[in-house]
Amino acid sequence: GKVDETYPRQLSARARAMAASLVASQAADGNWNCQSLGHLTTARVFWALIEARNSGIVVDKDTLDKAAAALLKQFEACDADDNDSKAVILHALSTDTRADFAHCNRLYRDRNALGNSALAHLARAFFNLDRREIAGELAGLLEGKVRLDGDNPVVWEGGCKTIWLNNAEATTAMALLALAETKPTATVTAAAADALLRAHGCFGFPHARAHGPAVAALAAFFSQGVQQ
């Protein structure tokens, strides 16, 4: 039968409007500011705009170049022990293959000391840089940090020094995203997807910061058509 294209068209129009709004709200220095996301707002927005561009939405190249330059400045300004921020920034840059492998590799050496959120961001960075074996290894570390226990949901706590990253739903979403790309048929991957859906429920996540990663993670998981 004929497929109703109304909803996809509405969704596409909404996505284009949101991308245009983000482009228009960029500061002169290439950053974006949001109180709830703190100093890592630009990393999240850059990721969103790259996803929009890769989906066929026109995004101004100068906007992306200015944002990438701002992210590089942020990375250079990070304290030596601020691996949380470094992981988030490198992940954002990796979505456009602009992350430096050497910087990612330095974080990889400290993988056993990283919090879950930083570990998930780093796993995705390596995946985006086509270092799938390393990405799979880091996803395996995430897999080993939760226990499948009957009806209890599989949840990763942030475990990071950066307060913005200590959100269980957002961290679980990033973990699912890393697992969906490297271990799509693993039991823990399906359990993570189920946990996210449960956490969202009828009223949404408690914190808006989880929405973007959750949508990306669930889309990546379900798009592969894994049998439940």
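Quick note: residue numbers are just sequence positions, from 1. Predicted, not measured: the structure shown is a model, and the values here were computed from it.
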Can you find a pair of side-chain heavy atoms, one from [X] and one from [Y], that are under 4.5 Å apart?
{"X": "D65", "Y": "K61", "answer": "yes"}
{"X": "K145", "Y": "N116", "answer": "yes"}
{"X": "P213", "Y": "R44", "answer": "yes"}
{"X": "F221", "Y": "E181", "answer": "no"}
{"X": "D84", "Y": "V88", "answer": "no"}
{"X": "C104", "Y": "L122", "answer": "yes"}

Closest heavy-atom contact between [X] and [Y]?
{"X": "A43", "Y": "A92", "value": "O-CB, 3.4 Å"}
{"X": "L142", "Y": "A178", "value": "CD1-CB, 4.3 Å"}
{"X": "A139", "Y": "T182", "value": "CB-OG1, 3.2 Å"}
{"X": "S117", "Y": "L165", "value": "OG-CD2, 3.7 Å"}
{"X": "N128", "Y": "S94", "value": "ND2-OG, 3.0 Å"}
{"X": "R98", "Y": "A68", "value": "NH1-CB, 3.3 Å"}

Rounded distance (nearest 0.5 Å) linking atom [atom1] of [X] with atom [atom2] of [Y]:
{"X": "L114", "Y": "C160", "atom1": "CG", "atom2": "SG", "value": "8.0 Å"}
{"X": "L197", "Y": "F222", "atom1": "CG", "atom2": "CZ", "value": "5.0 Å"}
{"X": "I50", "Y": "I57", "atom1": "CD1", "atom2": "CD1", "value": "12.0 Å"}
{"X": "W164", "Y": "S85", "atom1": "CH2", "atom2": "OG", "value": "9.0 Å"}
{"X": "L179", "Y": "M174", "atom1": "CG", "atom2": "CE", "value": "11.0 Å"}
{"X": "T42", "Y": "K66", "atom1": "OG1", "atom2": "NZ", "value": "11.5 Å"}

- Message: I'd like to know if D194 and R198 make a salt bridge, using a cut-off of under 4.0 Å between side-chain N and carboxylate O.
- Response: yes
Table please: side-chain donor-acceptor pairs of residues 18-30 below 3.5 Å, with sequence neighbours left out.
residue: S25; atom: OG; partner: S21; partner atom: O; Å: 3.2
residue: S25; atom: OG; partner: L22; partner atom: O; Å: 3.0
residue: S25; atom: OG; partner: W32; partner atom: NE1; Å: 3.4
residue: Q26; atom: NE2; partner: G30; partner atom: O; Å: 3.0
residue: Q26; atom: NE2; partner: T63; partner atom: O; Å: 3.1
residue: D29; atom: OD1; partner: N31; partner atom: N; Å: 3.0
residue: D29; atom: OD2; partner: N31; partner atom: ND2; Å: 3.2

Is there a continuous path of hydrophobic side-chain contacts, each under 4.5 Å between heavy atoms, that joins [X] to [Y]?
{"X": "L93", "Y": "F101", "result": "yes"}
{"X": "L177", "Y": "V146", "result": "no"}
{"X": "L64", "Y": "V45", "result": "yes"}
{"X": "L71", "Y": "F75", "result": "yes"}
{"X": "L107", "Y": "I134", "result": "yes"}

- Item | With R53, the side-chain hydrogen bond (donor to acceptor under 3.5 Å, both in side chains) member among D60, T95, D96 | D96
Please answer whether the main-chain N or O of [Y] pairs with a side-chain N or O of [X] as donor and acceptor at a distance below 3.5 Å.
{"X": "N166", "Y": "G159", "result": "yes"}
{"X": "Q224", "Y": "A180", "result": "yes"}
{"X": "S223", "Y": "A220", "result": "yes"}
{"X": "H91", "Y": "A87", "result": "no"}
{"X": "T97", "Y": "L129", "result": "no"}
{"X": "T172", "Y": "A168", "result": "yes"}
{"X": "K86", "Y": "A118", "result": "no"}

- Heavy-atom count around K73 NZ within 6.0 Å, excluding the residue itself: above 12? no
- Query: Does atom CD1 of I163 have more than 12 heavy-atom neighbours from other groups under 6.0 Å away?
  - Reply: no
- Passes salt bridge (charged side-chain N to carboxylate O under 4.0 Å, His left out), K161 versus D79? Steps please. CA-CA 12 Å; K161 297 178 182 178; D79 292 338; over 6 Å; no
- side chain to side chain contact (heavy atoms under 4.5 Å, CB included) evaluation trace for E51 with F46: CA-CA 9 Å; E51 290 292 337; F46 184 78; over 6 Å; no
- Under the side-chain contact (heavy atoms from CB on, under 4.5 Å) test, residues paired with R111 that sit two or more places apart: Y108, L119, E137, L138, L141
- Query: Does D100 have any side-chain contact (heavy atoms from CB on, under 4.5 Å) partners at least two apart in sequence or in another chain, and if so, which?
  - Reply: A102, H103
- Task: Apply side chain to side chain contact (heavy atoms under 4.5 Å, CB included) to the pair N33 and T41, showing each step before the final yes or no.
- Result: CA-CA 6 Å; N33 297 302; T41 301; 5.9 Å; no
- Message: Looking at F126, I'd like to know if the NZ or CZ of R132 sits under 6.0 Å from its six-membered ring centre while staying within 45 degrees of the ring's axis.
- Response: no
- Task: Taking atom types as modelled, find out whether R16 and S12 have a side-chain donor-acceptor pair closer than 3.5 angstrom.
- Result: yes
